[in-house]
Amino acid sequence: MLIQWYPGHMHKASKEIKQTLHQIDVVIEVLDARIPFSSQNPMLATLRGDKPCIKILSKSDLADPEKTQQWQTYLEQEQGVKTLAVTAEHPDKIRQLADLCHKMLPDKALGGRLINALIVGIPNVGKSTLINILAGRMIAKTGNEPAITKMQQRIAIDNGIVLMDTPGVLWANVDNKNSGFRLATTGAIKDTAIDHEQIAYFAAEFLLQQYPEQVKARYQLQELPASEQALIAAIGKSRGCLKGGGHVDADRVSKILLAELRAGMIGRLTLETPAMMEEELVELAIIRAEKAAKKEAKKSTK
Ligand code: G4P
């Protein structure tokens, strides 16, 4: 899937992070619990080095609880990484973040010194919602408009933690095709020229494979349709989305399916698992190696 990325923004964000890191005790990376792999920023692991890191799985009210647990176990295998699954519905759980920071940095906590935490996340992952809950007030979003120069925000939250939020946009995985589809399916990519139908067919295929019972229940289907096309057609018929000649209006159905999926109306869904991610990383490494080889071959023919 073609996604319009903005290298200028990406560069600005990584520069800001590099410049800030020496003041930082812990990095808080906000990930969407439905797509913890695809909502990662691929540069961050390198930028952060061995700084302690808390990976927040946000919007966990929309994600499959069993898979959220799988992700937490998987992500915590990495040295210096802890996780916290949260939702805006339970602010108390979000406030546990401060305790986790203290546990990860016992020396700072015992010495009564402030803990500086850098909070990062790709757009729409729920970072602002989280900051507002932690701060107990509305904090203006850091700008991502190229024309506006905004300062890094320092937000004091309870228990001696200072959150630093940097302007600039961190983008998600750019060269993994499935990640692009998953980001679009969850609504993380909003302002791209999205082909609703293409995304809805991707979502329909995923739902048939991973959550067949929820789909049947939501759209009151007696039988599970045999293909994504058949599912779109079945939803169209049950919702009366027909156009001239009694044909199903696939565009309307696509919008309905995506809106209902994003709002959690089909149930709590997670679009990727650690096992899927491992497989895709292998494929990605092959694609990257092929690209690099092609580039080399081109150079040597010049
Ligand atoms: P960002 O700063 O990372 O860009 O994300 P932001 O907090 O603005 O949240 C993006 C969208 O996700 C918002 O919805 C927000 O309401 C929703 N959201 C944030 N946290 C949670 C959560 O824990 N659960 C659920 N279900 N949704 C959450 P929106 O429709 O894009 O914006 P709005 O119409 O609410 O303004």
Side-chain angles (χ1 to χ4, degrees), residues 3 5-6 9-10 12-13 16-17 27-41 44 54-65 67-69 71-72 83-97 117-146 148 150 152-155 157 163-173 179 182-192 194 196 199 203 214 218 255-271:
I3 303 167
W5 303 101
Y6 303 97
H9 289 193
M10 212 146 71
K12 179 172 165 27
E16 296 264 357
I17 291 173
V27 175
I28 297 171
E29 185 180 11
V30 189
L31 303 171
D32 185 321
R34 296 165 298 172
I35 47 169
F37 168 53
S38 299
S39 58
Q40 270 175 0
N41 172 266
L44 194 67
I54 299 174
K55 299 202 178 202
I56 302 264
L57 298 181
S58 66
K59 309 191 191 185
S60 64
D61 54 303
L62 299 173
D64 181 332
K67 292 195 172 133
T68 298
Q69 188 53 61
W71 272 109
Q72 289 192 263
T83 61
L84 194 65
V86 303
T87 153
E89 289 172 357
H90 296 292
D92 287 351
K93 185 86 188 278
I94 293 177
R95 289 188 205 107
Q96 286 176 13
L97 184 65
L118 177 71
I119 186 158
V120 292
I122 65 162
N124 293 318
V125 84
K127 190 176 74 162
S128 309
T129 305
L130 200 75
I131 293 175
N132 290 340
I133 290 173
L134 287 167
R137 63 198 159 97
M138 294 294 280
I139 306 279
K141 274 198 180 197
T142 49
N144 53 25
E145 307 86 344
I148 302 172
K150 290 201 179 173
Q152 181 184 63
Q153 297 212 59
R154 284 166 179 260
I155 306 140
I157 59 170
L163 282 184
M164 297 199 194
D165 187 14
T166 47
V169 178
L170 271 189
W171 288 111
N173 224 328
S179 287
R182 292 187 198 123
L183 286 157
T185 300
T186 56
I189 303 170
K190 278 182 180 166
D191 50 1
T192 324
I194 292 181
H196 282 95
I199 298 158
Q214 280 99 315
R218 175 72 198 165
K255 285 179 181 154
I256 290 174
L257 179 68
L258 291 175
E260 296 191 356
L261 186 154
R262 289 171 186 166
M265 289 155 86
I266 306 175
R268 297 176 68 176
L269 316 169
T270 297
L271 281 85

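Atoms within each ligand, like the ligands themselves, are counted from 1 in listed order.
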Check Asp61 against ligand 1 and report side chain, backbone, both or neither, counting heavy atoms closer than 4.0 Å.
side chain

Against heavy atoms of Thr129, which atoms of ligand 1 measure under 4.0 Å?
6 (P), 7 (O), 9 (O), 19 (C), 20 (N)

Look only at interatomic distance and state if Pro123 has a nitrogen or oxygen under 3.5 Å from any nitrogen or oxygen of ligand 1.
no

The reported gap from CD in Glu29 to CD1 in Ile56 (rounded to nearest 0.5 angstrom) is 10.5 Å

Going by the order shown, which atoms of ligand 1 are within less than 4.0 Å of some heavy atom of Thr87?
23 (O)

Pull out every atom of ligand 1 sitting under 4.0 Å from any heavy atom of Ser128, numbered as shown with elements.
1 (P), 2 (O), 7 (O)

What atoms of ligand 1 come within less than 4.0 Å of a heavy atom belonging to Ala88?
22 (C), 23 (O)

With sequence neighbours excluded, residues passing side chain to side chain contact (heavy atoms under 4.5 Å, CB included) with Gln96:
Leu84, Lys93

Does ligand 1 have a heavy atom under 4.0 Å from the side chain of Leu62, from its backbone, from both, or from neither?
side chain

Lys127, Lys59, Glu89: member with heavy atom nearest to atom 11 (C) of ligand 1:
Lys59

Distance (rounded to the nearest 0.5 Å) between Thr270 OG1 and Ile35 CD1:
10.0 Å

Has ligand 1 got any nitrogen or oxygen that is less than 3.5 angstrom from a nitrogen or oxygen of Gly126?
yes

What's the separation between atom CZ in Arg34 and atom CG in Leu57, rounded to the nearest 0.5 Å?
12.0 Å

Under the side chain to side chain donor-acceptor pair (under 3.5 Å) criterion, do Asp61 and Thr87 qualify, and how do the steps go?
CA-CA 6 Å; Asp61 54 303; Thr87 153; 3.2 Å; yes

Distance (rounded to the nearest 0.5 Å) between Leu183 CG and Asn124 CG
10.0 Å

Can you list the residues that meet the salt bridge (charged side-chain N to carboxylate O under 4.0 Å, His left out) rule with Arg268, with sequence neighbours excluded?
none

